[in-house]
**Student:** 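Have a look at this one.
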Amino acid sequence: MTLLYVAVGVVLAALPGVYLPGAGWPLPVGVGCLVLWLGLLFGKRSWRFRPAVLGAALALLWLTAYGALFHAPAQAMEHRTVRLEAVVAEWPEETGYGCRVIVRAGEEDGRKVKAIFYGDSDLLSLRPGDRLSCVARCTPADRMGGEESLYYTSKGILLKLKGYGPIEVTKAQGIPPRYALTILAGTVRERIDQLYPEKQAGFLRALLTGDKSGLDQVDQNNFKRVGLSHVVVISGLHVSFLVGFLTLFLKPEKRGALAVLLLGILAFTLMTGSAPGTVRAAILTGLTLIGAHIRRETHPMVSLSAGLLLLLAGNPYAIANPGLQFSFLSTMGIFVFGQPWSRAWLQTFPRRWRRWVRPLVGTVAVSLGTMLFTVPLSALYFGQFSLIAPLSNLLTAWAVSLAFLGGLLSVGLGFVLLPLGHLLAAVVCLPVDFFFWYSAQASRLPLAAVGTHSIYYALWVLFVYGIVLLYLFAPLRGKRPILPLCACVAALCLSALLTAGEVRRWDMTMTVLDVGQGQSIALNAGRACALVDCGGSYNPGDTAAGYLQTLGRSSIDLLVLTHYDDDHAGGVPELMGRIRVNAIAMPDFDRDNDLRQEIETLAAEAGTPIHYITATSYADFGKGELFLYAPAGDGKESNENCLAVLARSGEWEALITGDMPIEAEEGLLAREDLPDIEVLIAGHHGSKYSTGEALLTQTRPEIAVISVGRNSFGHPTQEVLDRLNAIGAETYRTDENGMITLCAAKD
């Protein structure tokens, strides 16, 4: 158990060492912990926490040493243009602007560090082991989306490199041993692409090699919502499939077979990129197999600690990696709760039934045990957590196992005889198709997952944890899970009712969703619900559908599209796949637009009527009303042909103008008698060419909301902010304030 206490100390020290600002404090604190450990070591009493103090000292001292060995050389190149030498470490990945590839790079005589190299699409022909020589601009890899982030640092990536001028490429001779398994993974992906249709190939590439680049973003959002994201992230699940398959032919009791098993696990781990979950599972499985071979029982938490220490020895900043956090916390949940619950619940069934219900009980217990530790992480990283995950794991476990094993066999046969590989691939597509079908259907359920923006669901989570603690530690005899389970379900129903009722307390609410650089606005008035636009740079369809489903909605009354640009309508296909849209209103221009045609096709398939707004239109809207203003511009650009929307409830009014430029705003003012309003959604995300003085003078908004995200246009511009400030409007921005909800007070 000493290793477990050391791991506890490492975690408690590494977390503040990585997350807290200030680079100087880990060294003196680490030395202090080491001195304390030495004092305890030679003291007369034996302190149980002594190994934890040693772990804390080692963690802080290693953080300091790691910074000197790797961060310092990288920082020496930051914000400089240098002549660098690089070795390709992974297969290139195509981007919208060319390609990017993971390399080990540095100046000619300097230490090489792990970095991302961005270049033209010509570099897609590179293979691991190839060498690059060029001039490159070096920037730190500590930012994502314009904000500070440990995402790349936790993966050991310390620089971003942009090549300039000619790039000299030296091809590797043969297959470099260091990159042999990485090259094998690329070869496997190529064979999968030959054997399977595009959609199924993307899934199997993720399932077998960890490459998610072939998965559609909509499908990934569905997996996340129904609690199946772990399936397409190489982890312990895949290692267990592999070991289960290999033990059909190899008996670990024999030394030679055990060696082959361990080598197979190691090869699979390295081939799939040595993700934290895979390394953790490989160590756990390997120690278990070795322990069984020498007839010595291994403690699961000690084995888990060994895996964690090995990963942090390679990179202490890996403790900030979401994959590592999810992997180790979920496994801890299985050991601490899932397995004991499975054994206890199984005993409640008659002996003759246990053989049949064991898989069902085990899957549910393990899923619930996992969720106890990972729900807070899901809420933190994704803003939601799945409620349907235990059912999803239960219903899809057979499909995932068949797809994994069948995929391996089909690839193997494909290398031997391609037609045989195609034949088996046709069969393997069946469980893969079921997995996609289930994920799509289950994601449509209103409470498959709930968003953390609702205070009632946050309180419900705290209630559930309180019930679990009470159930575990209350000194009661004959405790049964049925009562606390019913209490949790009843509290969930109450939370759902209160969340749905929150928007109905008001005559009308307007919620400006945080979709990055784009716009999506939900309007609720009593039982009526509408959405104005659904586009942006950050999963707009998933964001809008998730918000609506958290309110318990499976349909909306009206979808209004101001125009067909991606940042205003790009999320509509995903939205319509998750939410029933009863009617669509949109302008009748740009008939050859691909996105417009796709929306029209989806509407026809769903039987959704489309109303083309060519004149001012009016719609009753629950406790309020909507005015839809036809385009007022006279140009041919999409922005000049935007619809505008005025939402009214009593004396409360809000105006949405899409990307309407100032000239079109003036045309709208000349044609319509716009009133003083309470809320204005600033046009074109705060562009200086919208939200003109004439519109502001006429409408005199009290509040202005700018729907904006990270962009290269300078939105919102200072000119617009000054105009809004000049009329006394209180201004909010989604890039700073997140999702913004405005409420119309009751009369």
Side-chain angles (χ1 to χ4, degrees), residues 1-12 14-15 48-49 51-52 55 227 230 235-237 239-240 276-288 291 297-312 319 321-348 358-380 385-387 389-390 393-394 397 461-476 479-482 484-485 487-488:
M1 296 295 287
T2 299
L3 195 64
L4 176 59
Y5 290 123
V6 171
V8 170
V10 167
V11 170
L12 293 179
L15 283 172
R48 292 188 63 183
F49 64 83
H230 64 284
S235 64
L237 176 71
V239 174
S240 65
T278 323
V279 174
R280 182 264 307 161
I283 293 173
L284 283 174
T285 306
L287 290 176
T288 302
E297 186 176 355
T298 58
H299 193 287
M301 290 300 293
V302 173
S303 300
L304 188 66
S305 301
L308 179 61
L309 292 175
L310 180 63
L311 282 165
L312 296 183
I319 200 166
N321 187 308
L324 182 144
Q325 295 170 0
F326 273 103
S327 176
F328 279 86
L329 286 177
S330 62
T331 306
M332 190 185 304
I334 292 172
F335 290 156
V336 176
F337 294 112
Q339 292 177 347
W341 284 350
S342 178
R343 292 191 292 267
W345 296 350
L346 197 61
Q347 298 303 313
T348 63
R358 187 186 304 273
L360 185 151
V361 171
T363 301
V364 173
V366 165
S367 296
L368 291 174
T370 297
M371 289 178 65
L372 277 178
F373 284 91
T374 58
V375 160
L377 279 184
S378 295
L380 175 65
F385 53 90
S386 176
L387 295 178
N393 287 310
L394 181 65
V461 171
L462 294 177
F463 175 81
V464 169
Y465 280 107
I467 288 291
V468 170
L469 291 174
L470 186 64
Y471 176 75
L472 292 174
F473 300 111
L476 301 174
K479 292 184 288 187
R480 297 180 179 274
I482 187 66
L485 182 61
C488 292

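Values below: every heavy atom of this structure, side chains too, minus hydrogens, waters and symmetry copies.
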**Student:** If we only count heavy atoms from C-beta on, is the Phe326 to Pro276 side-chain gap below 4.5 Å?
**Tutor:**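 The answer is no, as the side chains (C-beta and beyond) never meet within the 4.5 Å cut-off.
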**Student:** What is the distance from atom NE2 of His299 to atom CZ of Phe335, rounded to the nearest 0.5 Å?
**Tutor:**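 Output value for this atom pair is 9.5 Å.
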**Student:** Taking all heavy atoms of Gly227 and all of Ala389, pick out the closest pair and write down the distance.
**Tutor:**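 Smallest heavy-atom distance, with atoms named: CA-CB, 3.9 Å.
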**Student:** Identify the heavy atoms of Gly369 and Trp341 that sit nearest to each other, and give their distance.
**Tutor:**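 In terms of heavy atoms, the two residues are closest at N-CZ3, 4.0 Å.
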**Student:** Rounded to the nearest 0.5 Å, how far does CG of Leu15 lie from CD1 of Ile319?
**Tutor:**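 Reported value, rounded in 0.5 Å steps: 4.0 Å.
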**Student:** Is any side-chain heavy atom of Val10 closer than 4.5 Å to a side-chain heavy atom of Leu308?
**Tutor:**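 The answer is no, as the side chains (C-beta and beyond) never meet within the 4.5 Å cut-off.
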**Student:** For the residue pair Val11 and Phe328, establish whether any side-chain heavy-atom pair is separated by less than 4.5 Å.
**Tutor:**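 Counting from C-beta outward, Val11 and Phe328 never come under 4.5 Å.
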**Student:** Write down the atom of Leu329, the atom of Phe373, and the distance for their closest heavy-atom approach.
**Tutor:**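 Of all heavy-atom pairs spanning Leu329 and Phe373, the closest is O-CB, 3.3 Å.
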**Student:** Mind checking ring pair (Phe, Tyr, Trp, His ring centres under 6.0 Å) for Tyr5 and listing every partner two or more places apart, or none if nothing turns up?
**Tutor:**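 With neighbours one apart ignored, the set is empty.
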**Student:** Within this structure, what is the CG-OH distance for the pair Leu372 and Tyr465, rounded to the nearest 0.5 Å?
**Tutor:**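 Answer rounded to 0.5 Å: 5.5 Å.
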**Student:** If you look at every heavy atom in Phe385 and Ala379, which pair is closest and at what distance?
**Tutor:**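 Result for this residue pair: CD2-CB, 4.5 Å.
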**Student:** What's the shortest heavy-atom distance between Ile283 and Ser303, and which atoms?
**Tutor:**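 In terms of heavy atoms, the two residues are closest at CG2-O, 4.0 Å.
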**Student:** Within the structure provided, determine whether Thr363 and Ser367 are in side-chain contact (heavy-atom separation under 4.5 Å).
**Tutor:**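 Yes, at least one pair of side-chain atoms sits under 4.5 Å.
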**Student:** Can a donor-acceptor pair be found, under 3.5 Å and without considering hydrogens, that links the side chain of Ser305 to the backbone of Met301?
**Tutor:**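 Present.
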**Student:** Does a side-chain heavy-atom distance below 4.5 Å link Ser378 with Met371?
**Tutor:**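 Side-chain contact under 4.5 Å: no.
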**Student:** Looking at every heavy atom in both Cys488 and Ile467, which two are closest together, and how far apart are they?
**Tutor:**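 It is SG-CG2, 4.0 Å.
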**Student:** Going by the side chain to side chain donor-acceptor pair (under 3.5 Å) test, which pairs reach into residues 327-340, not counting sequence neighbours?
**Tutor:**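 Found Arg280-Ser327, Arg280-Thr331.
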**Student:** OG of Ser240 to CG of Leu284: how many Å apart, nearest 0.5 Å?
**Tutor:**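 Ser240 atom OG to Leu284 atom CG measures 11.5 Å (nearest 0.5 Å).
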**Student:** To the nearest 0.5 Å, how far apart are CG in Leu3 and CG in Leu304?
**Tutor:**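 Atom-to-atom, Leu3:CG and Leu304:CG are 10.0 Å apart.
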